[in-house]
2 protein chains.
Amino acid sequence: MNQKIENLSKKLVEKNIKPSFQRIKVLEYLTTKRNHPTVDEIFNELVIEIPTLSKATVYNTLDLLMESKLARIVTIEENETRYDADVTNHGHFKCDLCGVIYDFPVNIDDLSTDSLKNFKINEKNVYFQGICPKCLDNIDNNKDKNKGK
Amino acid sequence: MNQKIENLSKKLVEKNIKPSFQRIKVLEYLTTKRNHPTVDEIFNELVIEIPTLSKATVYNTLDLLMESKLARIVTIEENETRYDADVTNHGHFKCDLCGVIYDFPVNIDDLSTDSLKNFKINEKNVYFQGICPKCLDNIDNNKDKNKGK
DNA sequence: TTTTAAATTTATAATGATTATAAATTTATT
DNA sequence: AATAAATTTATAATCATTATAAATTTAAAA
Ligand SMILES: [Mn+2]
Ligand SMILES: [Mn+2]
Ligand SMILES: [Zn+2]
Ligand SMILES: [Zn+2]
């Protein structure tokens with residue numbers, strides 16, 4: 001448990017970010033929840049444990065994490081920005097019904113990108129939308145119900 | 001010339017959208033410029049020809065085009081939403097230096113998405129970031145200059 | 001053609017996420 | 001302990017988007 005804090009602290013120090021309590025907590029939230037949260041979601045959870053917390057600190061910390069590549073923005077169309085401490089290559093799927101954002105493995109290098117051979121590519125994002133299995137099940141169940149009537 | 005207007009008008013009618021002058025002009029802007037514009041860019045250009053134009057009309061029209069799949073949002077991380085009348089499968093590349101958004105062909109179906117076999121996928125977005133050839137050239141040229149000194 | 005109703009456009013206010021600014025607090029240095 | 005630097009906090013400003021209602025245009029009815 002305390003080991004985790006140590007690890008997070010080390011991660012920050014490695015990137016020359018002073019590991020303040022607030023910063024560790026934001027990073028901990030991202031890495032343990034892995035829920036692609038908004039600033040508000042992070043703030044509302046952490047302010048319970050840190051009553052003096054300011055939303056500005058959450059914004060500042062996320063900016064720091066982004067600069068040092070310890071976190072990235074989930075590029076999906078939403079009015080609130082969502083963040084992800086998993087910076088490895090993976091795709092995102094957002095369910096249009098329940099809104100949950102799923103991770104999925106995707107071999108981005110498989111994408112034929114001959115037309116970009118003269119471009120320097122720094123980031124690759126893959127984002128799908130649709131309906132998740134849970135919501136598909138719910139739809140099916142409702143159909144069955146109506147059939148019975 | 002007038003033929004184009006006819007075509008755009010037909011496109012709207014097919015989707016049960018009344019082809020008002022403002023709506024045709026917004027769609028014309030999107031299809032001819034193909035520059036992934038913001039609402040402001042569309043408005044500022046069209047208000048020259050339509051001095052009474054309201055920004056609300058641009059928002060309303062874009063919402064209509066989106067609903068009927070005549071346009072889509074360019075899913076990239078920006079504070080202003082950008083729109084695209086090209087709804088065929090293609091990827092977007094944004095240059096971090098000049099900000100230009102390039103289209104590029106991408107065979108999205110090549111992506112192995114076994115893990116999403118129970119998901120209903122409605123939309124697929126591919127978005128890359130980096131530096132475009134033009135800006136790469138500029139960087140090289142500047143290096144050469146400094147070398148000469 | 002006039003009247004009436006519906007649809008569209010416009011003007012404007014409200015919302016809300018993000019950014020900016022400066023004061024307060026904490027941490028490090030002398 | 002005193003001072004300086006860094007961090008956090010509180011608060012105001014910005015600005016894209018949404019909401020609302022009035023004005024205008026278009027279509028339908030009389
Ligand atoms: Mn993720
Ligand atoms: Mn495009
Ligand atoms: Zn769902
Ligand atoms: Zn460029």
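Source: prediction; values computed, not measured. Reminder, nothing fancy here: chain letters follow the sequence lines and each chain counts from 1. Side chains are part of it too, since the values below use all heavy atoms of this structure and drop only hydrogens, waters and symmetry mates.
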Worksheet entry | A:Lys25/A:Glu28 salt bridge by N-O under 4.0 Å criterion | yes
Practice prompt. Run the salt-bridge test on B:Glu41 and B:Arg82 with the 4.0 Å N-O cut-off and return the result as yes or no.
Written response: yes
Item to complete: Ignoring backbone atoms, establish whether B:Thr52 has a side-chain N or O less than 4.0 Å from OP1 or OP2 of C:dT9.
Response: no
Worksheet item: What is the distance, rounded to the nearest whole Å, between atom CZ of B:Phe21 and atom P of C:dT9?
Response: 11 Å
Discussion item. Under 4.0 Å, heavy atoms only, any strand: does B:Thr57 hit a base, just the sugar-phosphate, or nothing?
Written reply: base
Discussion item. Closer than 4.0 angstrom, basic N to acidic O: yes or no for A:Arg72 and B:Glu77?
Written reply: no
Discussion item. Looking only at the side chain of B:Gln22 (C-beta and beyond, no hydrogens), which of the listed nucleotides C:dA11, C:dT9, D:dT8 gets closest?
Written reply: C:dT9
Worksheet entry | side-chain hydrogen bond (donor to acceptor under 3.5 Å, both in side chains) against B:Asn35, all qualifying residues, sequence neighbours excluded | B:Tyr29
Worksheet item: Taking the inter-plane angle between the rings of A:His92 and A:His36 on a 0 to 90° scale, is it parallel (under 30°), tilted (30 to 60°) or perpendicular (over 60°)?
Response: perpendicular
Show the atom names and distances, to 0.1 Å, of all donor-acceptor pairs under 3.5 Å that link a side chain in residues 127-134 of chain A to residues at least two apart or in another chain.
{"from": "A:Gln129", "atom 1": "NE2", "to": "A:Asp96", "atom 2": "OD1", "distance (Å)": "3.3"}

Item to complete: Any chance you could list the contact pattern along nucleotides 15-26 of chain D? Use B for base contacts, S for sugar-phosphate-only contacts and - for none, protein heavy atoms under 4.0 Å, 5' to 3'.
Response: -SBB--------
Worksheet item: 5'-most contact on DNA chain C: B:Pro51 or B:Ile17, nearest heavy atom basis?
Response: B:Ile17
Worksheet item: A:Ile73 CD1 to C:dA17 C1': how many Å, rounded?
Response: 13 Å
